[in-house]
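In what follows, a structure is listed as structure tokens, so that the remarks can point back to it.
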Amino acid sequence: MKQERIRVNFLIKSPYVRVIGPDKKQIGIMPTREAMELAKRQGLDLVEISPNADPPVCYITDFGKYMYELKQKQREAKKKQKTTELKEVRLSYKIDDHDYQTKLRKIKEILNAKNRVKVVLKMRGREALYKDKALALLDRLTNDLSGIGQPEGVPRSLGEAGKIIQLTYLPK
């Protein structure tokens with residue numbers, strides 16, 4: 001995300017600006033030079049906070065304090081963001097039922113934690129001939145996870161001769 005440079009005092013190019021005072025009350029529309037002099041008399045800066053408005057909105061404040069408050073707001077917003085991780089679980093189409101149940105339980109734990117799961121089926125050598133069995137296993141997995149997760153798209157074949165099949169599940 002590229003952050004735009006905030007214009008202050010003489011960097012403001014607009015001939016007229018809408019001015020908000022240090023008490024956060026609107027003063028009105030005035031020429032930029034007049035607004036800068038008003039800010040200078042109070043020992044503060046004229047900071048452009050909304051450059052795309054017509055006329056641009058400027059705030060009379062200490063620029064250092066304004067930047068500090070802006071960074072604090074960004075830090076708080078970043079804390080409240082929820083990030084989801086992508087976990088990977090590897091299977092074989094020849095998996096035993098007990099092993100399948102163990103992997104299924106692990107996948108359910110990951111989905112309940114609101115994370116995404118990528119299920120990868122690797123087939124070695126001539127196992128690639130039994131792609132239909134691998135897809136049947138993924139269908140079985142999708143049915144078993146229908147209450148807590150949903151597939152993101154369709155199974156994708158990767159690698160040479162489609163020996164890797166992967167499918168990502170999203171939490172509901």
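All of these numbers come straight from a predicted model, not from anything done at the bench.
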My understanding is that only residues two or more places apart in sequence, or in another chain, count here; which of them pass side chain to side chain contact (heavy atoms under 4.5 Å, CB included) with [X]?
X     : result
Gln26 : Arg18
Leu86 : Arg116, Lys118, Thr168
Asp54 : none
Thr61 : Val47, Tyr59, Tyr66

Report task. Could you tell me whether the side chain of Asp45 and the main chain of Phe63 form a donor-acceptor pair under 3.5 Å? Result ->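 Pair found, side chain donor or acceptor close to backbone of Phe63.
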Query raised in the report: Does any N or O in the side chain of Asn112 come within less than 3.5 Å of the main-chain N or O of Lys108, such that one atom is a donor and the other an acceptor?
Result: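 Side chain of Asn112 to backbone of Lys108: a pair is present.
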ILVMFWY clustering at 4.5 Å (side-chain atoms), partners of [X]:
X      : value
Leu11  : none
Tyr68  : none
Ile164 : Val120, Leu158
Ile27  : Phe10, Ile12, Val17, Val19, Met30, Met36, Leu38, Leu44, Leu46, Ile60

Check residues 142-150 and write down every donor-acceptor pair under 3.5 Å in which the side-chain atom is one partner and the other belongs to a residue at least two apart or another chain.
from, atom 1, to, atom 2, distance (Å)
Thr142, OG1, Leu138, O, 2.8
Thr142, OG1, Tyr169, OH, 2.7
Asn143, ND2, Asp139, O, 3.4
Asp144, OD2, Tyr100, OH, 2.5
Ser146, OG, Asn143, O, 3.1

**Report entry** SB check Asp97 Arg140 (cutoff 4.0 Å)
**Finding:**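 Looking at Arg140 together with Asp97, the answer is yes, because their closest N to O distance falls below 4.0 Å.
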Report task. Output yes when Glu88 and Arg90 qualify as a salt bridge under the 4.0 Å nitrogen-oxygen rule, no when they do not. Result ->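 Salt bridge: yes.
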**Report entry** Pair listing, salt bridge (charged side-chain N to carboxylate O under 4.0 Å, His left out) test, anchored in residues 32-41, at least two apart
**Finding:**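 The answer is none; no pair qualifies.
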**Report entry** Residue pair Lys163 / Lys122, side-chain heavy-atom distance below 4.5 Å
**Finding:**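 Not in contact.
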What donor-acceptor contacts under 3.5 angstrom involve side-chain atoms of residues 127-137, with partners at least two apart or in another chain?
from, atom 1, to, atom 2, distance (Å)
Glu127, OE1, Arg124, N, 2.9
Glu127, OE2, Lys94, NZ, 2.9
Lys131, NZ, Ser157, OG, 2.7

Requested in this report: Not counting sequence neighbours, which residues clear salt bridge (charged side-chain N to carboxylate O under 4.0 Å, His left out) with Lys73? List them please.
Outcome: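 Partners of Lys73 by the salt bridge (charged side-chain N to carboxylate O under 4.0 Å, His left out) criterion come out as none, since no residue qualifies.
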